[in-house]
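Basis for what follows: all heavy atoms, side chains included, without hydrogens, waters or symmetry-related copies. A, B, ... follow the sequence lines: proteins, then strands. Residue 1 opens every chain. These figures come from a predicted structure and were not determined experimentally.
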Protein chains: 4
Amino acid sequence: MARGRKVNSNGERSKQLLREKAIELFASNGYYQTKISDIVKAANVTQPTFYLYFDSKDSLFIDLNEQFQVDLFRLFEEQPGQNEAHFHQVIGNLLQYFSENPLLTKIGLYQSEGSYLVKERLVEKFEYILEKQKQYFSKLEQMDIHIVSQSLVGSIERLTFTLLLTNKKTVDQLTEELLSIYFVKDELLSYAT
Amino acid sequence: MARGRKVNSNGERSKQLLREKAIELFASNGYYQTKISDIVKAANVTQPTFYLYFDSKDSLFIDLNEQFQVDLFRLFEEQPGQNEAHFHQVIGNLLQYFSENPLLTKIGLYQSEGSYLVKERLVEKFEYILEKQKQYFSKLEQMDIHIVSQSLVGSIERLTFTLLLTNKKTVDQLTEELLSIYFVKDELLSYAT
Amino acid sequence: MARGRKVNSNGERSKQLLREKAIELFASNGYYQTKISDIVKAANVTQPTFYLYFDSKDSLFIDLNEQFQVDLFRLFEEQPGQNEAHFHQVIGNLLQYFSENPLLTKIGLYQSEGSYLVKERLVEKFEYILEKQKQYFSKLEQMDIHIVSQSLVGSIERLTFTLLLTNKKTVDQLTEELLSIYFVKDELLSYAT
Amino acid sequence: MARGRKVNSNGERSKQLLREKAIELFASNGYYQTKISDIVKAANVTQPTFYLYFDSKDSLFIDLNEQFQVDLFRLFEEQPGQNEAHFHQVIGNLLQYFSENPLLTKIGLYQSEGSYLVKERLVEKFEYILEKQKQYFSKLEQMDIHIVSQSLVGSIERLTFTLLLTNKKTVDQLTEELLSIYFVKDELLSYAT
DNA sequence: CATGAATGAGTATTCATTCAT
DNA sequence: GATGAATGAATACTCATTCAT
């Protein structure tokens with residue numbers, strides 16, 4: 001191919017394309033098995049073009065992770081009222097975001113070596129919320145909130161990857177199921193007896 | 001310079017040593033960031049020695065994973081009686097094994113790209129057991145067994161890595177907690193009401 | 001994004017600016033460590049603009065060297081009279097030029113791979129002059145004119161870079177000193193005895 | 001070529017060969033125009049072999065320069081007696097070393113960016129010696145020792161490259177000539193009168 | 001049994017240069 | 001006159017693997 005500018009080329013578009021292809025490849029193959037050469041091949045440009053828009057393979061990966069984290073924790077900021085409905089909403093929002101951003105989620109929650117930090121932060125968020133919800137769910141009172149939070153994050157992670165991102169279950173289905181595992185309301189429990 | 005067999009050297013010992021060092025390094029650094037040169041350095045032998053005992057980096061890694069899987073699923077074979085105590089025991093056995101084999105567990109459940117297969121198999125095992133236990137836990141009847149199993153595996157994985165392998169909680173503590181999250185017995189529920 | 005001619009832009013000015021920045025950078029960092037991107041960044045234009053005025057990095061560098069050489073050897077053309085004062089003047093002129101064009105001097109005498117040719121030509125010039133001055137300096141008669149010329153060029157080069165271009169000594173000081181090293185007049189020598 | 005050890009191969013020999021070829025290439029082409037690929041081609045090995053023995057292109061270059069400097073300044077340590085003959089000897093030793101190590105000299109005195117430091121140190125050495133020799137050479141008394149030293153180093157450098165390393169003049173010839181330029185003894189001067 | 005020595009095949013990154021606008 | 005966008009060709013360096021001893 002001749003050197004120089006392509007006909008109809010547009011920088012922002014190229015950058016976006018590279019970013020998208022990188023997300024796809026990182027998500028499915030992981031960091032180490034995704035080569036710059038793969039990314040540029042997928043975007044139909046040459047290697048120097050990659051470096052026109054990104055500093056390095058590493059910095060791009062970090063960028064993607066940061067975007068994921070910013071998006072994710074913004075979900076916790078919108079606090080409506082600390083009532084019993086809150087939990088339902090938080091989990092729903094999380095799953096909704098994962099479902100809308102499956103590739104970024106795979107990267108940020110799976111592939112990244114820093115994903116454990118994200119999950120730790122999630123655990124903290126849940127602990128905070130659970131503490132406040134104790135009153136509504138008597139079951140919680142006899143349990144270790146920290147352990148429950150960790151378990152919950154584990155559940156969310158797994159359900160997301162195996163059932164949500166594979167489109168086997170919907171956000172709503174999983175939200176309901178998670179709630180009924182973790183937050184059987186007292187009244188509900190009584191029905192069982 | 002001197003070459004050939006070291007004094008006091010012993011094939012089986014070298015192999016074992018290499019294997020141990022490989023496990024340590026794979027567990028803490030992952031597959032891609034563990035180099036053969038690191039392994040042999042840690043075992044104090046040279047690179048060709050590695051190939052004397054293992055076919056390749058990859059095959060050793062696969063070996064380790066297979067060992068983990070064999071160990072793991074043997075735990076499910078010892079079926080005492082399909083009573084209600086069974087579940088408690090299965091989870092206890094699993095956590096016990098993880099706790100006794102932390103490095104192999106990290107490799108087989110985390111670092112390996114094939115770990116998702118292991119977890120799928122775990123899910124199946126749990127589904128099978130859960131189906132049988134339905135009678136003892138009325139709560140289960142209204143839930144999707146597959147989802148519960150997936151969630152349970154997620155919980156186990158996370159609690160194992162964050163609380164068990166870090167020695168923050170004991171096998172018993174986590175087993176209890178897991179049971180009370182997932183299998184509140186009917187009688188227990190009635191206490192809450 | 002906006003493209004095309006800048007307001008207030010002027011071709012000759014851009015070319016001059018690029019040239020100046022190139023001289024600065026080549027002088028301080030050398031040929032290989034000066035990138036086109038550095039030059040255009042310093043001149044606040046884009047890379048294609050560079051190629052609007054210069055054929056290539058190499059050709060610009062060659063240009064600069066040629067300018068240096070033309071300037072330099074023009075100094076030898078103005079031959080007033082072949083008297084004993086001539087030498088003093090030639091050296092003074094040289095140092096004066098170096099002092100007034102420090103960057104070009106660094107490039108033409110140091111950084112360029114062709115600088116050895118310049119110095120060879122300088123040596124020849126000095127040989128020619130020295131030959132004629134032999135009569136005035138008996139000391140020269142017993143010496144190898146070629147070697148003395150080479151040595152003189154070495155001295156000039158070094159004193160220029162370490163003392164003249166660093167402003168530690170003036171043109172006059174160095175001229176005097178060089179003359180007293182190389183051309184102790186016979187009368188002066190006799191004073192010493 | 002097949003992988004693995006070559007017949008009759010010997011590490012020390014390979015390293016030495018690489019070093020020699022590197023010296024040759026750095027000396028004639030300079031740092032930037034000498035590629036690792038050139039060096040290994042000349043030594044008839046592959047690129048990884050280079051890294052078996054050297055850390056990097058840069059570190060090898062630095063190594064060579066350090067060797068040169070150590071060698072060089074060792075010459076100043078053997079101080080026989082601080083008499084008038086000393087100077088003659090020091091210059092002779094220097095030129096002798098240069099003549100015996102032409103390639104390393106080219107690298108250490110020319111090609112290296114740190115060569116200016118070496119020359120500064122040489123200047124200091126000469127200043128020190130000159131100061132002590134003042135008594136023997138009345139000519140020196142009226143001159144600036146620092147300038148004379150700088151000039152001397154310039155002369156030595158130039159004569160070395162143009163006449164000594166090209167085998168146009170011998171160590172002795174150049175030593176004599178340098179001495180007669182810089183250190184016409186008082187008695188000698190009187191002959192001229 | 002084990003080592004010293006070497007290599008094939010990558011792999012990220014850089015830089016001068018060029019085309020389309 | 002000048003820019004945005006892109007590329008060809010390097011280039012240093014790495015790593016798993018293998019041969020000869």
Side-chain angles (χ1 to χ4, degrees), chain A residues 1-15 32 35-38 40 45-58, chain B residues 1-15 32 35-40 45-53 55-58, chain C residues 1-15 32 35-40 45-53 55-58, chain D residues 1-15 32 35-38 40 45-58:
Chain A
M1 198 178 292
R3 248 198 278 196
R5 184 176 187 143
K6 278 181 186 166
V7 281
N8 245 329
S9 71
N10 170 300
E12 210 45 56
R13 199 198 306 149
S14 294
K15 178 171 183 175
Y32 294 105
K35 320 293 178 195
I36 303 283
S37 62
D38 298 332
V40 299
V45 296
T46 59
Q47 301 229 28
T49 300
F50 178 91
Y51 291 93
L52 209 56
Y53 301 111
F54 307 103
D55 284 342
S56 68
K57 178 184 171 181
D58 202 54
Chain B
M1 218 158 271
R3 221 169 296 162
R5 183 175 178 161
K6 268 190 198 160
V7 278
N8 269 334
S9 71
N10 171 299
E12 210 44 55
R13 231 178 65 82
S14 292
K15 179 170 184 177
Y32 293 104
K35 302 180 231 157
I36 302 284
S37 62
D38 297 332
I39 298 173
V40 300
V45 297
T46 59
Q47 305 223 32
T49 300
F50 178 91
Y51 290 92
L52 212 55
Y53 301 111
D55 284 341
S56 66
K57 179 185 175 181
D58 203 52
Chain C
M1 217 162 269
R3 220 168 298 163
R5 182 173 179 161
K6 268 190 199 160
V7 279
N8 268 337
S9 73
N10 170 299
E12 208 45 53
R13 229 178 66 82
S14 291
K15 179 169 185 176
Y32 293 104
K35 303 181 230 156
I36 302 286
S37 62
D38 296 332
I39 298 174
V40 299
V45 297
T46 60
Q47 305 222 36
T49 300
F50 178 92
Y51 290 93
L52 213 55
Y53 301 112
D55 285 341
S56 68
K57 179 185 175 182
D58 203 54
Chain D
M1 200 176 293
R3 250 198 275 195
R5 183 178 187 144
K6 279 183 187 167
V7 280
N8 244 329
S9 70
N10 171 300
E12 209 46 55
R13 198 200 305 148
S14 293
K15 178 170 184 176
Y32 293 104
K35 321 292 179 196
I36 303 282
S37 62
D38 297 332
V40 299
V45 297
T46 59
Q47 300 229 26
T49 301
F50 178 91
Y51 291 94
L52 209 55
Y53 301 112
F54 307 103
D55 285 339
S56 68
K57 177 183 171 182
D58 203 53

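For CG of B:Asp55, the number of neighbouring non-hydrogen atoms (other residues, nucleotides, ligands) closer than 6.0 Å is 12 at most.
Remark: the backbone N or O of B:Tyr32 is not paired with any side-chain donor or acceptor of B:Lys35 at under 3.5 angstrom.
Neither OP1 nor OP2 of F:dA5 sits under 4.0 Å from any side-chain N or O of A:Ser14. For F:dA6, the OP1/OP2 oxygens have no side-chain nitrogen or oxygen of A:Thr49 closer than 4.0 Å.
Note: CG (B:Asp38) to C1' (F:dT14) measures 12 Å, nearest angstrom. Rounded to whole Å, atom P of F:dT3 lies 20 Å from atom CD of A:Glu12. Regarding D:Lys6, its NZ atom lies at a distance of 19 Å from the P atom of E:dG4, rounded to whole Å. Distance CG (B:Leu52) to P (E:dG4): 14 Å, rounded to an integer number of Å.
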(request) May I have the step-by-step check of side chain to side chain contact (heavy atoms under 4.5 Å, CB included) for C:Ile39 and C:Lys57, ending in yes or no? (result) CA-CA 10 Å; C:Ile39 298 174; C:Lys57 179 185 175 182; 5.7 Å; no
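Atoms CG and CD, on C:Leu52 and C:Gln47 in that order, are 13.5 Å from each other to the nearest 0.5 Å.
As judged by a 4.0 angstrom heavy-atom cut-off over every strand, D:Tyr53 is placed among residues touching the sugar-phosphate backbone only. At the heavy-atom level, D:Thr46 lies under 4.0 Å from base atoms of the strands shown.
Contact detail for C:Ser14 and C:Tyr53: the closest heavy-atom pair is CB-CE1, 3.8 Å. When all heavy atoms are compared, the tightest approach of B:Thr46 to B:Val40 is O-CG1, 3.8 Å. Smallest separation of non-hydrogen atoms from D:Asn8 and D:Arg13: O-NH2, 3.3 Å.
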(request) Using a 3.5 Å limit on both pairing distances, list the dot-bracket string of DNA chain E from the 5' end; Watson-Crick and G-U wobble pairs count, crossing pairs take [ ], interstrand pairs take |. (result) .||||||||||||||||||||
(message) Treating primed atoms plus P, OP1 and OP2 as sugar-phosphate and everything else as base, which nucleotides of nucleotides 11-18 of chain E get B, S or - for protein heavy atoms under 4.0 Å?
(response) SSBBBBBB
